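In what follows, a structure is listed as structure tokens, so that the remarks can point back to it.
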Amino acid sequence: MELILQVIFSSVFSGFMLSAAIPNEFYLFGCPVFTLISFIPLYLIFNKIKDFKLAFLAFFLQTLTTHLVSSFWLAYFKDFAIFTLGASTLGTACIGGAFGLYFFLPYYSSSSQNKLNENALKLPVFQTPIFRIFYFSVIYTLYEWAKSSGFLGYPWGTVSSAMYKWPLLMQTASITGTYGITFIIIMFNAVAAEFIMLYYGNYSLQKIRYNQTVQTAKLLGMLFVLMMVHGFTQYDKVRKPIKEITAILVQQNSNPWEEDTDEKSILISQKLTREKITELEMQDRTADLVIWSEGCLQRHFPTGENFYEWYPSEKPLKEFIREIQVPCIFGGSVIRNRKIIQDGKKAIRREFFNSALLFDSSGNYRGYYAKNHLVPFAEALPFMEVPAIHSFMEKVVGISAGWTPGDQYVYFDVPCRITENYILPAVKNIDLNKTYTQQKLEEKTPYTVRLATPICFDDAFTDIMRPLFLNGCELFVNITDDSWSLKKSSEIQHFVIASYRAIEYRTTLVRSANAGYSVVVDPAGKVIADQPLFEESSLVYDVPVYEHKITTYARFGNWLPYLCLVIFILCSLYAWYIFEEWDYIPSERKIKKAKKSDKKNKKNSKNKK
């Protein structure tokens, strides 16, 4: 009973410490110092655990506590709170518990070895500090990868999300992604815990443990120094943009829970946009792009194009665009009819897409990008395409069909200006009376920047952002609406995760949010322009666009989690080998075989009598 209480306390305490490190209502941009101690109690208690049940419980409670405390704002999703907070908490905790079993596997296989070697001057492989430190780091890195990927992916509540105030460490993301940062922080906790454990245990093994722990600490120090050197060079590196695009970011701060807010939201956005257009005109400048947030237009497209010819009545949207003569990106929705076979007959299914809509400077609707990664159990529910489930959810639970995930990557080419750093291509028919640059600028085809518009937490997933970058994206423009949460911490958590994409691909990131955090982030993750949270505001900025270069992370993707997965598989196979081959390790097969043999012997003895 005492051990169970220790497991509960250590796991919950670990979860609270990690939650305090992640951006929260007290430390708005987080407090990364807490990550240096948050996993020590979890590591220490795992070296006392003797069975799989407690191993599952430890990781289950730690991940459950972290999710509940750091993502409490999910409860503000009104009728969907049971799914957004309840289901996500249970799912995250179950994933964590499963990884607790994985972590305990080699420890269980070596439990008998401990008894045999407790007075010997040697340690079994699984009980060496070097193995324990690296294995703990590997398992937790795999856990964060698992919870951040796929349909149920939830990349918040992670170690890397607490690192915003340590930007030099964040630069490692261009090589390893966020997982390299997680690995090094967990490794630090494990080394610190091993030094604490040196005060306890069998003194005959202290010297061996001490030497191995010191060696691992030295390796950790070398890795940390390399990361800091890389961080210094990348964070302060002078990058010269090859293009610029003057963008107006509009933050209308409308309430997404109010009905019939379309007109109000549009009129506020128009007013804020007009203010910046006027400001530019006074400076004899023009805007290249206007960006409004996710969901600011409620009428579905393409039919909505005609609707906005006369709506709002005070100033129709398309008339407004023609007046300012600037291309615009607005958050809205698109309907698409798809032919399907249902009950053996041809039918039409209407699909709804959460979209970014592009309008040219003449007010013409030019196309859309549909959000690829939908919010599970809120924007998308599993098996909703099944008629019976769809009918049940709509009638009993009160949830409609929801959104359909986008099925393609879309890019918008927007006119921009080139800088003196732009390398011009070869020119034919050279006029000796004109300079090279003059001839290129006189060409009819305008210079453009290819931008991608990930919506909401699309920008939190590398499986969305990496293909966008590899296929030629020069600028990330995220539109989002986190205002439903009503909490500053949720806005900042989303921003911190998104800022890693700028570092990973060394590409400028623009975020235009309904209530914040609307920012421009440079390739080093620095905020070079921003707007206040939960206020009506607009921002005009000359967004720098840099040469499209492939980073290590862009080229190889999540290579570190894959490496961790290989290490885990090899360790599992070795543990299984020990289970089966070592006579003093009681495997399940041997236990069953022994019981069967005992029954047979008892039966034979009765027959002899």
Side-chain angles (χ1 to χ4, degrees), residues 17-24 27-40 66 70 133-134 136-138 140-145 148 155-193 216-237 239 459-460 462 465 492-507 509 519 521-528 551-554 556-561 563-564:
M17 286 292 98
L18 180 56
S19 300
I22 295 167
N24 55 73
Y27 301 99
L28 195 55
F29 286 90
C31 185
V33 173
F34 289 134
T35 62
L36 301 181
I37 61 172
S38 57
F39 292 92
I40 292 176
T66 302
S70 64
I133 291 168
F134 277 97
F136 187 77
S137 305
V138 162
Y140 199 86
T141 302
L142 282 176
Y143 158 72
E144 287 204 349
W145 180 44
S148 302
W156 288 266
T158 57
V159 172
S160 56
S161 66
M163 294 294 113
Y164 183 73
K165 287 192 173 181
W166 289 353
L168 298 184
L169 206 60
M170 290 176 67
Q171 303 307 308
T172 307
S174 65
I175 300 175
T176 64
T178 60
Y179 303 108
I181 300 164
T182 296
F183 187 91
I184 203 73
I185 294 297
I186 299 299
M187 187 177 175
F188 178 90
N189 278 261
V191 169
T216 311
K218 289 179 179 179
L219 176 61
L220 172 65
M222 290 175 59
L223 291 174
F224 182 76
V225 169
L226 290 174
M227 292 173 72
M228 294 302 291
V229 170
H230 177 262
F232 272 116
T233 57
Q234 292 297 321
Y235 191 70
D236 292 327
K237 183 177 180 179
R239 295 180 172 87
D459 62 1
T462 57
M465 301 297 283
I492 301 303
Q493 284 182 28
H494 188 167
F495 155 71
V496 170
I497 294 297
S499 68
Y500 274 106
R501 306 296 88 85
I503 298 171
E504 287 170 351
Y505 306 107
R506 300 300 178 190
T507 302
L509 167 70
V519 295
V521 184
D522 78 358
K526 299 177 186 177
V527 172
I528 52 180
T551 63
T552 302
Y553 181 74
F556 299 106
N558 290 324
W559 63 269
L560 181 60
L563 178 60
C564 290

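All values below were derived from every heavy atom in this structure, side-chain atoms included, with hydrogens, water molecules and symmetry-related copies excluded. Predicted model, so just to flag it, every value in this text is computed and none were measured.
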S174 vs H230 side-chain heavy atoms within contact, under 4.5 Å: yes
Crowding at CZ, F29 (>12 non-hydrogen neighbours, <6.0 Å): yes
Shortest non-hydrogen separation from S70 to Q493 and the atoms involved: O-NE2, 2.9 Å
Spacing of CZ belonging to F188 relative to CG belonging to L36, to within rounding of 0.5 Å: 5.0 Å
Separation of I497 CD1 from S148 OG (nearest 0.5 Å): 7.5 Å
Atom of A498, atom of L509 and distance for their closest heavy-atom approach: O-CD2, 3.4 Å
Side chain R239, main chain Q234, donor-acceptor under 3.5 Å: yes
Value rounded to 0.5 Å, distance of OG1 in T141 from CG in L560: 6.0 Å
Spacing of OG1 belonging to T66 relative to CE belonging to M17, to within rounding of 0.5 Å: 10.5 Å
M163 side chain near Y500 side chain, heavy-atom distance below 4.5 Å: yes
Reference residue V159; test side-chain contact (heavy atoms from CB on, under 4.5 Å); the match among Y179, Y140, F183: Y140
Residue of the set T178, I22, T35, T172 for which side-chain contact (heavy atoms from CB on, under 4.5 Å) holds with S160: T178
Contact check, side chains of I492 and Y164, non-hydrogen atoms, under 4.5 Å: no
Stepwise side-chain contact (heavy atoms from CB on, under 4.5 Å) test for T216 and F134: CA-CA 9 Å; T216 311; F134 277 97; 4.0 Å; yes
Distance in Å, Y235 OH paired with M170 CE, rounded so as to fall on 0.5 Å steps: 9.0 Å
Passing option when N558 is tested against L563, T176, T462 for side-chain contact (heavy atoms from CB on, under 4.5 Å): T462
For R506, all residues meeting salt bridge (Lys or Arg N to Asp or Glu O under 4.0 Å), sequence neighbours excluded: none
OG1-CG distance between T233 and L168, expressed to the nearest 0.5 angstrom: 9.5 Å
Smallest separation among heavy atoms of A162 and P32, with atom names: O-CB, 3.3 Å
Polar side-chain atom of E504 near backbone of G177 as donor-acceptor pair, under 3.5 Å: no
Minimum heavy-atom distance P523-T507, with the two atoms named: CB-N, 3.9 Å
Nearest atoms (heavy-atom pairs only) where S499 meets V496: OG-O, 2.6 Å
Under 3.5 Å: donor-acceptor pair, side chain of K526, backbone of D236: no
Candidate pair W156 and H494, rule side-chain contact (heavy atoms from CB on, under 4.5 Å), full reasoning: CA-CA 8 Å; W156 288 266; H494 188 167; 4.1 Å; yes
Flag side-chain contact, heavy atom, 4.5 Å: I185 against L169: yes
From CA spacing to verdict: side-chain contact (heavy atoms from CB on, under 4.5 Å), F34, Y27: CA-CA 11 Å; F34 289 134; Y27 301 99; 3.9 Å; yes
Closest non-hydrogen atom pair, S161 against P23: O-CD, 3.2 Å
Whether W166 side chain and V33 backbone form a donor-acceptor pair below 3.5 Å: no
pair I528-V521: side-chain heavy atoms closer than 4.5 Å: no
